[in-house]
Student: 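Dumping the structure here so I can ask a few things about it.
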Amino acid sequence: MDRCEALIEKLNRREKVVGTTMIMLPDTILIEKMKRDDLDFVLMDAEHGCFDTQNVIPMLQTCRLLGIPGFLRVQDSQYHLIAKAIDMGADGVMIPRVETLEQMHTVMDAVCFSPVGRKGVGGYGQFRAGESFDHFQKSRMIMIQIESQKGIDNLPAILERHGTHIGAVIIGPNDMSVMLGTPLDTKSAVMDRAVRQVFEIAARYNKSCGIFCNDAADAKHYREMGANVLWTASDLQFYCRGFTETMEELKSL
């Protein structure tokens with residue numbers, strides 16, 4: 001079983017899944033240094049980060065060569081953005097700001113071939129080596145981000161209709177805090193209620209769920225609330241922590 005198949009099984013069983021983010025440092029050497037058995041995926045961020053369909057290719061290729069599941073968070077739920085990510089070799093996509101069934105119809109059209117969707121056939125990294133058409137249809141992962149009350153309200157209908165193809169429901173805490181009226185206060189009472197509501201809906205439909213975590217303390221907090229996808233930190237956060245720690249130690253010499 002390869003790492004992508006193992007990740008799909010872990011998501012289906014709602015087991016602990018650990019991932020991290022590349023947001024501003026498009027360097028394949030960093031991907032090489034991230035290879036660990038306990039890291040389940042690396043996500044390249046095209047929504048808020050520097051990635052696009054040009055500079056993400058070597059990152060996704062390196063993930064594939066190393067056997068690390070590689071995701072791209074696309075800018076929006078539009079066909080050309082999602083299908084292009086799959087064409088370039090993404091093992092999965094994360095879709096921001098999901099609120100409606102119409103958005104999910106577009107996602108399915110972009111990720112899957114007919115009769116499930118309407119994806120065009122082509123692209124540098126669309127198929128893995130030796131991969132069959134049927135295997136492709138079952139193996140590209142979708143994570144949706146819930147970031148508003150509308151998204152929460154429509155999540156049951158989305159999971160009813162497309163739950164079979166959704167690997168995980170992920171909360172974007174910063175965007176959700178803004179949409180719920182407590183900008184960047186991700187631990188407010190209203191946010192706490194919203195996070196618990198999303199986790200409860202996901203559990204009801206036996207779907208994996210998670211939230212972006214700044215650090216291990218965040219991950220512990222949300223794990224205790226019911227998250228099993230611990231999507232934690234970014235390249236910049238790792239760099240800044242290491243830099244700050246070393247500089248503080250040097251100050252004491």
Side-chain angles (χ1 to χ4, degrees), residues 1-12 15-75 80-96 107 110-112 119 122-133 135-145 165-168 170 208 210 212-213 219 228-239:
M1 179 186 301
D2 66 26
R3 294 282 300 278
C4 288
E5 291 171 341
L7 176 54
I8 290 170
E9 289 202 3
K10 290 177 78 170
L11 290 170
N12 288 341
E15 296 177 3
K16 185 177 78 170
V17 167
V18 174
T20 193
T21 322
M22 303 298 292
I23 187 167
M24 289 302 296
L25 302 175
D27 194 323
T28 58
I29 292 175
L30 297 179
I31 298 290
E32 292 180 44
K33 296 298 182 182
M34 287 180 172
K35 185 177 181 182
R36 295 172 54 107
D37 291 340
D38 54 357
L39 180 67
D40 294 297
F41 69 89
V42 175
L43 179 141
M44 272 57 73
D45 189 4
E47 184 193 13
H48 296 303
C50 70
F51 290 96
D52 56 33
T53 53
Q54 296 296 312
N55 62 8
V56 79
I57 294 173
M59 305 294 281
L60 293 173
Q61 180 187 43
T62 301
C63 283
R64 185 166 288 183
L65 291 172
L66 294 175
I68 304 170
F71 281 71
L72 184 68
R73 177 163 67 172
V74 298
Q75 296 97 315
H80 66 288
L81 299 175
I82 302 165
K84 181 69 76 172
I86 301 298
D87 288 346
M88 294 302 102
D91 298 306
V93 288
M94 183 178 287
I95 313 296
V107 173
V111 172
C112 299
K119 187 187 181 302
Y124 161 81
Q126 178 176 256
F127 290 107
R128 301 173 191 138
E131 184 175 39
S132 70
F133 181 90
H135 184 269
F136 174 98
Q137 290 284 69
K138 302 171 185 176
S139 65
R140 296 310 182 269
M141 292 166 272
I142 299 170
M143 294 185 182
I144 62 170
Q145 284 195 270
H165 296 280
I166 295 172
I170 307 294
S208 280
F212 179 76
C213 307
N228 69 291
V229 180
L230 307 178
W231 171 37
T232 306
S234 69
D235 49 8
L236 281 185
Q237 287 173 310
F238 290 127
Y239 172 83

Student: Do you know which two heavy atoms are closest between A219 and L230, and how far apart they sit?
Tutor: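 Result for this residue pair: O-CD2, 3.9 Å.
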Student: If you measure from SG on C112 to CD on Q137, what distance do you get to the nearest 0.5 Å?
Tutor: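 Answer for the SG-CD pair, C112 versus Q137, is 5.5 Å.
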Student: Let me know which of I166, V74, I82, I144 forms a side-chain contact (heavy atoms from CB on, under 4.5 Å) with V107.
Tutor: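 For V107, the side-chain contact (heavy atoms from CB on, under 4.5 Å) test succeeds with only one of I166, V74, I82, I144, which is I82.
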Student: Provide the closest heavy-atom pair for V229 versus S208 in the form atom of the first, atom of the second, distance.
Tutor: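 Reported closest heavy-atom pair: CG2-CB, 4.0 Å.
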Student: Working to the nearest 0.5 Å, report the span between CD1 of I57 and OG1 of T62.
Tutor: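 Output value for this atom pair is 11.5 Å.
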Student: State whether the side chain of R64 and the backbone N or O of G125 hold a donor-acceptor pair below 3.5 Å, judged by distance alone.
Tutor: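 Such a contact is found between R64 side chain and G125 backbone.
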Student: Take M24 and Y239 through the side chain to side chain contact (heavy atoms under 4.5 Å, CB included) test and state the conclusion after the steps.
Tutor: CA-CA 11 Å; M24 289 302 296; Y239 172 83; over 6 Å; no
Student: Taking atom NZ of K10 as the centre, report whether more than 12 heavy atoms of other residues, nucleotides or ligands fall under 6.0 Å from it.
Tutor: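 Yes, NZ of K10 has more than 12 neighbouring heavy atoms, counting only those of other groups under 6.0 Å.
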Student: Provide the full list of salt bridge (charged side-chain N to carboxylate O under 4.0 Å, His left out) pairs with a residue in residues 17-36, sequence neighbours left out, each pair given once.
Tutor: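 Passing the test, one end in residues 17-36: R36-D38.
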Student: Rounded to the nearest 0.5 Å, what separation is found between the CE atom of M94 and the CE atom of M44?
Tutor: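 One finds 11.5 Å between CE of M94 and CE of M44.
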Student: For C50 and N55, run side chain to side chain contact (heavy atoms under 4.5 Å, CB included): C-alpha distance rounded to whole Å, both residues' side-chain angles, the deciding distance at 0.1 Å, then the answer.
Tutor: CA-CA 9 Å; C50 70; N55 62 8; 4.3 Å; yes
Student: Can you run down the salt bridge (charged side-chain N to carboxylate O under 4.0 Å, His left out) pairs that involve residues 123-133, sequence neighbours left out, and say none if there aren't any?
Tutor: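 Sorted pair list: D91-R128, R128-E131, E131-R140.
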Student: Nearest 0.5 Å, please: how far is CZ in F238 from CG in L25?
Tutor: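 Taking CG in L25 and CZ in F238, the distance rounds to 11.5 Å.
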Student: Closer than 3.5 angstrom, by distance alone: can the side chain of E9 be matched with the main-chain N or O of A6 as a donor-acceptor pair?
Tutor: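 No: the side chain of E9 does not pair with the backbone of A6.
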Student: Using a 4.5 Å cut-off on heavy atoms from C-beta on, say whether the side chain of L7 contacts that of F71.
Tutor: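 Yes, their side chains come closer than 4.5 Å.
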Student: May I ask you to decide if V42's main-chain N or O and T20's side chain share a donor-acceptor pair within less than 3.5 Å?
Tutor: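 Side chain of T20 to backbone of V42, a donor-acceptor pair under 3.5 Å: no, none is there.
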Student: May I have the step-by-step check of side chain to side chain contact (heavy atoms under 4.5 Å, CB included) for V18 and T232, ending in yes or no?
Tutor: CA-CA 7 Å; V18 174; T232 306; 5.6 Å; no
Student: Checking side chain to side chain contact (heavy atoms under 4.5 Å, CB included) for the pair Q61/L65: CA distance, chi angles, key distance, verdict?
Tutor: CA-CA 6 Å; Q61 180 187 43; L65 291 172; 4.1 Å; yes
Student: Looking at every non-hydrogen atom in both residues, tell me the closest pair between D37 and R3 and how far apart they are.
Tutor: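 In terms of heavy atoms, the two residues are closest at O-NH2, 4.2 Å.
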Student: Shortest non-hydrogen contact from C63 to I31?
Tutor: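 Looking at all heavy atoms of both residues, the closest pair is SG-CG2, 4.0 Å.
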Student: Provide the closest heavy-atom pair for R73 versus P96 in the form atom of the first, atom of the second, distance.
Tutor: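 Shortest heavy-atom contact: CG-CD, 4.4 Å.
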Student: Any Lys/Arg nitrogen of K16 or D40 sitting under 4.0 Å from an Asp/Glu carboxylate oxygen of the other?
Tutor: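 Looking at D40 together with K16, the answer is no, because their closest N to O distance does not fall below 4.0 Å.
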Student: Mind listing the closest non-hydrogen atom pair of W231 and Q145 along with its distance?
Tutor: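 Closest approach of W231 to Q145, heavy atoms only: CZ3-NE2, 3.9 Å.
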Student: If you measure from CG on L72 to CD1 on I95, what distance do you get to the nearest 0.5 Å?
Tutor: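 Answer for the CG-CD1 pair, L72 versus I95, is 9.0 Å.
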Student: State which residues pass ring-ring contact (aromatic ring centres under 6.0 Å, His included) with F127; sequence neighbours excluded, sorted by chain then number.
Tutor: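 Once residues adjacent in sequence are excluded, the partners of F127 under the ring-ring contact (aromatic ring centres under 6.0 Å, His included) criterion are F136.
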Student: State the CG-CD1 distance between L43 and I23, to the nearest 0.5 angstrom.
Tutor: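 CD1 of I23 is found 9.5 Å from CG of L43.
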